[in-house]
Amino acid sequence: MLATVIDDPNTDLRDTVKYSDLIEYRFDLFSEFDFALLKNRIMPSIFTHRNAPLSLLEKLAHFKPEYMDIEHGYPLYFYERIQKISPTTKLIVSYHNYDEVPCLKSLFEEMKKPFDCIYKIASMANNSLDLLRMMLFLKESENLMTVIAMGEYGRPSRVMGKVLGNAIDYCSMGESMPGLGQISLAELHDIYNYCSLNEKTEFYGLIGDPINRSPGHIFHNRLFKSNEQNSVYLKFRVDREELSGFIEGIKALPFRGLSVTMPLKEELESGRAINTVNLEDGDVTFTNTDGKGALDVIEKRGFVRGKRVLIWGAGGSAKAIYEEAINRGAEVFVINRTKSKAVEVAGKRGFGLHEMQGSYDIFINTTSVQSEYPIELLSHTLIMDINHNPETKLLQDARKKGCSVILGREMFERQAFLQQKFWLSRSRIYINQ
Ligand code: ATR
């Protein structure tokens with residue numbers, strides 16, 4: 001069940017009625033309120049007033065809401081009193097921790113009540129492992145439960161919760177409340193296909209940091225929807241130190257695949273950049289679709305065999321593109337701020353930023369630099385920039401100069417499509433290995 005949280009009594013409720021099952025009135029956030037309005041409610045409701053005295057909770061209970069949220073920690077007679085006033089109201093005993101995730105097992109023991117209710121645990125996830133810990137707790141719980149990991153790290157829990165058994169999921173009407181990691185009603189439906197998620201849905205996701213700018217969730221979820229595949233793709237902020245714990249942790253959850261972005265691409269297997277992980281019954285396999293994705297979109301404009309290709313940057317993407325371009329018969333050079341890394345990738349064809357001599361046919365920026373570039377543009381050159389920003393200085397100047405340009409978006413979509421192929425049929429595709 002999905003509840004839309006209302007923090008303003010004047011909110012337009014048309015979408016709420018159409019797309020969610022419940023409305024949660026956060027009376028404590030209302031600046032003013034006419035209680036008379038509660039008599040003719042337009043849909044099933046949760047009444048919530050944090051830190052309210054018993055007298056106020058009693059007043060609310062007289063309106064006989066379908067659900068009433070009462071914070072954990074009140075004396076038992078509080079809850080019993082509310083039940084007596086409105087026996088049809090289902091109580092939600094809720095716990096909020098805006099700092100950290102406590103020991104969930106002992107917390108739950110403390111929260112347990114001698115009557116039927118829904119337990120809601122919302123805690124601030126301070127890293128991706130906190131999120132996994134909470135989701136695993138939800139999956140293994142035998143009680144009616146809602147578990148929400150708050151904050152940026154916890155954001156995926158807003159979608160995972162439905163799959164793993166949340167009694168009620170919560171979303172915001174418009175812009176989500178800052179810091180809580182809430183997802184809006186529109187985003188849940190339009191991007192994450194919330195209505196079609198169920199206990200059989202499989203998880204895919206992007207891991208890395210930063211992840212904000214990646215359009216992966218839009219692209220992959222759209223593809224899942226059009227293929228009628230029961231899967232959802234989420235973005236997980238994962239740091240280097242958390243990577244091994246994260247990969248281990250997701251084995252207990254229904255994960256099937258991951259996309260990997262910086263700074264993790266070179267952390268999964270030594271000596272090799274990885275951007276795709278397949279998970280199957282505890283078996284983990286890797287591939288990289290960056291190289292093939294980039295070269296496929298370049299070769300839509302003409303074959304690279306015999307062409308001189310210059311790559312700027314020597315990170316994971318550069319390595320993958322370098323290998324694929326070599327495989328397809330190009331003569332490939334790498335320039336990089338740190339020359340030694342360019343040499344590591346391309347041997348004697350690796351250079352410092354301004355050391356490269358001679359012309360080239362194709363120039364590819366694999367760095368995240370958007371406001372400058374280290375070459376002189378030649379009009380016959382094909383320019384590709386793997387940044388998601390279509391207006392980097394390089395692309396703007398290249399257009400002015402009359403060069404053909406390829407945007408990062410096009411490469412992104414090709415490599416993401418190849419990721420889906422790898423996840424769906426690992427055996428049929430062999431990329432960049
Ligand atoms: P990815 O794995 O996605 O390719 P990465 O490993 O972070 O990303 O690689 C980034 C590349 O961009 C690196 O080669 C980096 O240069 P260094 O090897 O000298 O670190 C390059 N890069 C990043 N920021 C840069 C900047 N401001 N100027 C020049 N090069 C930069």
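Whatever order the structure lists ligands and atoms in, that order sets their numbers, starting from 1.
- Residue-to-ligand polar distances keep Thr367 apart from ligand 1: every N/O pair is separated by 3.5 Å or more.
- Near Met262, the atoms of ligand 1 lying under 4.0 angstrom from a non-hydrogen atom of the residue are 3 (O), 7 (O), 8 (O).
- Within the 4.0 angstrom cut-off, atom 31 (C) of ligand 1 has one or more protein heavy-atom neighbours.
- For Arg256 and Tyr204, the positive end is not near the middle of the six-membered ring at less than 6.0 Å and at most 45° from its axis.
- Shown here is Asn198, whose CG atom has more than 12 heavy atoms of other residues, nucleotides or ligands within 6.0 Å.
- Residues Tyr192 and Phe224 place their aromatic rings such that the two centres sit no closer than 6.0 Å.
- At the shortest separation from atom 17 (P) of ligand 1 among protein heavy atoms lies Thr338 OG1, 3.5 Å.
- Cation-pi geometry between Lys339 and Phe351 is not satisfied (NZ or CZ under 6.0 Å from the ring centre, within 45° of the ring normal).
- In this structure, Arg308 places its CZ atom where more than 12 heavy-atom neighbours from other residues, nucleotides or ligands lie under 6.0 Å away.
- Taking the ring axis of Tyr360 as reference, the NZ or CZ atom of Lys307 does not stay both within 45° of it and closer than 6.0 Å to the ring centre.
- Among the atoms of Ser317, some N or O lies under 3.5 angstrom from an N or O of ligand 1.
- Of all the atoms in ligand 1, the ones that sit under 4.0 Å from a non-hydrogen atom of Gly313 are 14 (O).
- The shortest N or O to N or O distance between Leu353 and ligand 1 is not below 3.5 Å.
- Ranking the protein heavy atoms by distance from atom 5 (P) of ligand 1 puts Gly315 CA, 4.0 Å first.
- Ring centroids of Phe108 and Tyr119 are separated by less than 6.0 Å, placing the two rings close together.
- Side chains of Asn51 and Glu71: no donor on one and acceptor on the other come within 3.5 Å.
- Close contacts of ligand 1 with Lys341, meaning ligand atoms under 4.0 Å from a residue heavy atom, involve 17 (P), 18 (O), 20 (O).
- Annotation: side chain to side chain donor-acceptor pair (under 3.5 Å) contacts of Asp397 (sequence neighbours excluded): Tyr373, Lys393.
- Near Lys265, meaning under 4.0 Å from any of its heavy atoms, are these atoms of ligand 1: 2 (O), 3 (O).
- Taking the ring centre of Tyr79 as origin, the terminal cationic atom of Lys113 falls inside the region bounded by 6.0 Å and 45° from the ring axis.
- Summarising the contacts of atom 16 (O) of ligand 1 with Val369, Asn336, Asp290, Ile321, the nearest heavy atom is found in Asn336.
- With respect to atom 20 (O) of ligand 1, the closest heavy atom belonging to the protein is Arg337 NH2, 3.0 Å.
- Distances from ligand 1 to the non-hydrogen atoms of Pro263 include no value under 4.0 Å.
- Closest to atom 2 (O) of ligand 1 among all protein heavy atoms lies Gly316 N, 2.9 Å.
- In terms of polar-atom proximity, Trp312 is not counted as a contact of ligand 1, lacking any N or O under 3.5 Å from an N or O of the ligand.
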